[in-house]
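Below is one structure, written out as structure tokens, with a few remarks after it.
Quick caveat: nothing in here was measured; it's all calculated off a predicted structure. Naming: A, B, ... by sequence-line order, numbering from 1 per chain.
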There are 2 protein chains.
Amino acid sequence: MFFSKEGFAASTRDLADQLGVRQALLYKYFPSKEALLDEVFEKAFSLHWAMAWSKVLFDQSQSLEDRLTHCYAAQLDTEDGIALRLFLRAALDGLLLPGRRLDLVKEKLVLPVIEELRREANLPGLDAQPLTIGEFELFMVLHSSIIFYAMRTYIYGGPMTEDMRAVVRLYVSTFLKGARAGLPSLHGSEAPASLKLPLPQKYAVA
Amino acid sequence: MFFSKEGFAASTRDLADQLGVRQALLYKYFPSKEALLDEVFEKAFSLHWAMAWSKVLFDQSQSLEDRLTHCYAAQLDTEDGIALRLFLRAALDGLLLPGRRLDLVKEKLVLPVIEELRREANLPGLDAQPLTIGEFELFMVLHSSIIFYAMRTYIYGGPMTEDMRAVVRLYVSTFLKGARAGLPSLHGSEAPASLKLPLPQKYAVA
DNA sequence: TTAGATAAATATCATTTGATAGAGATATCT
DNA sequence: AGATATCTCTATCAAATGATATTTATCTAA
């Protein structure tokens with residue numbers, strides 16, 4: 001989209017030019033520039049993300065590494081940079097969408113994965129002991145890698161490998177190795193108390 | 001700074017207001033708004049980052065985990081969000097600074113750490129076998145975690161733990177566990193060929 | 001104190017930009 | 001065809017904005 005490249009301060013005339021249309025026409029469809037931007041946000045953030053998740057993640061016939069790799073690779077496949085740019089611009093301008101996105105990630109990805117890792121390690125389930133800050137931050141190791149990969153690709157514009165799936169698999173396997181080795185001690189007595197606190201409901205908005 | 005909050009499209013009048021000065025006065029010190037922005041960039045990106053690095057990282061008397069934790073925690077300590085915001089805005093607007101930053105990270109952090117991890121694993125040194133894409137991406141697992149933590153703190157504005165150092169240590173230890181376990185196989189025959197290619201000189205600019 | 005310079009304010013200009021009004025064109029229905 | 005409704009364009013306004021010119025205040029040195 002236009003605003004993802006030019007920023008929200010871009011003029012409606014430039015937008016109209018790019019659409020091959022006259023500037024005044026925009027105001028037949030949108031009462032104001034703000035309404036137009038609202039529409040842009042709505043389109044960009046509606047279904048995007050969070051589709052492939054959920055289902056594939058629970059398919060116990062594949063290894064957790066395969067499932068996570070599949071989810072995040074699918075994620076990066078559908079990502080075209082536009083939503084990411086809009087997303088960052090919105091965050092920089094003080095919108096609170098980004099925080100809510102993390103809430104979604106927590107619900108759809110962090111909780112299932114940590115539940116499974118806890119089971120592997122013979123730790124109590126999430127219903128018995130709520131998700132801790134340490135576990136959330138542990139998962140952020142993986143999530144950050146993917147996000148930053150997308151940023152390097154679409155924002156930084158750096159030269160990336162063609163073999164995205166291999167990189168995602170490397171991220172996932174590195175994370176899983178570290179998480180499996182470290183999760184028990186996150187619940188042990190030697191872990192910092194701050195990491196054992198339950199994760200608060202984040203970014204809650206009225 | 002002003003532009004890190006308001007964006008580069010903010011008006012010189014608002015800037016002057018915030019400085020408690022009249023708008024025209026700005027043009028006694030800067031020939032144009034663009035020159036003013038250049039100055040802002042210069043200030044923001046000059047020495048910032050990359051100071052604590054280098055030295056501490058080579059102090060073999062501490063564990064690699066301690067050294068990395070120290071470096072990145074110091075990094076996050078000096079970070080006030082301003083540089084990060086400017087940085088992201090610049091990246092979104094197509095500036096190529098971000099790529100160069102990664103070049104710095106590669107030289108000051110990735111190379112020493114991978115060299116050390118290779119030595120631990122009895123793998124050939126970097127002079128014998130250049131840094132691979134896989135190794136760089138491996139380190140990105142750690143680096144992304146830190147960057148994204150800063151973004152969550154200063155851009156997303158989410159509620160973060162007070163105990164930043166504990167989180168950084170968790171990132172570092174998780175990365176190290178995964179990297180130590182995975183580095184040998186990154187050089188083995190089962191690794192994807194794409195990850196074994198040498199990392200190209202990135203983001204080179206004339 | 002005064003001459004000269006430096007710093008800051010006022011006033012103003014030309015462009016850009018969001019937004020509106022009304023004319024012309026195109027399609028649709030009877 | 002003719003009436004009507006929809007769509008798009010031209011023309012224009014008022015406010016905001018980058019930039020300049022001119023005036024006023026403040027400081028410094030002899």
*Check whether any side-chain N or O of B:Tyr27 sits under 4.0 Å from OP1 or OP2 of D:dT20, and answer yes or no.*
no

*Please find the earliest and latest nucleotides of DNA chain C, in the 5' to 3' direction, that have an atom within less than 4.0 Å of any heavy atom of chain A.*
C:dT17 to C:dG22

*B:Phe8 CZ - D:dG18 C1' separation (whole Å)*: 18 Å

*Using a cut-off of 4.0 Å on non-hydrogen atoms, how would the nucleic acid contact of B:Ala10 be classed: base, sugar-phosphate, or nothing?*
sugar-phosphate

*Distance, rounded to the nearest Å, where B:Leu25 contributes CG and D:dT22 contributes C1'*: 15 Å

*Atom-pair distance (CZ on B:Arg13; P on D:dT20), nearest Å*: 13 Å

*asked:* Quick check with a 6.0 Å cut-off and a 45 degree axis cone: is A:Arg89 positioned over the face of A:Phe3's six-membered ring?
replied: no

*asked:* Tell me if the aromatic rings of B:Phe139 and B:Phe175 count as close, with their centers under 6.0 Å from one another.
replied: yes

*Closest nucleotide of DNA chain C for A:Asp14 versus for A:Ala24: which of these residues is on the 5' side?*
A:Asp14

*For D:dG18, does either OP1 or OP2 sit under 4.0 Å from a side-chain N or O belonging to B:Thr12?*
yes

*Taking the side chain as every heavy atom from C-beta outward, state whether A:Glu79 and A:Leu84 have any pair of such atoms under 4.5 Å apart.*
yes

*What's the CD-P distance between A:Gln23 and D:dA11, to the nearest Å?*
14 Å

_Nearest non-hydrogen partners of B:Pro198 and B:Ile133, listed with the distance_ = O-CG1, 4.0 Å

*A:Phe30 CZ - D:dC7 C1' separation (whole Å)*: 15 Å

_Looking at every non-hydrogen atom in both residues, tell me the closest pair between B:Met140 and A:Tyr171 and how far apart they are._
CB-OH, 4.0 Å

*Phosphate OP1/OP2 of D:dT8: any A:Tyr29 side-chain N/O under 4.0 Å*: yes

*Check for a donor-acceptor pair, side chain of B:Arg85 on one end and backbone N or O of A:Leu92 on the other, with a separation under 3.5 Å.*
yes

*Search all heavy atoms of B:Arg165 against all heavy atoms of B:Thr69 and return the closest pair with its distance.*
O-CG2, 4.3 Å

_Selection from D:dT10, D:dA21, D:dT22 that lies nearest to any side-chain heavy atom of B:Lys28_ = D:dT22

*Which whole-number value in Å describes the distance from B:Arg22 CZ to D:dT24 C1'?*
14 Å

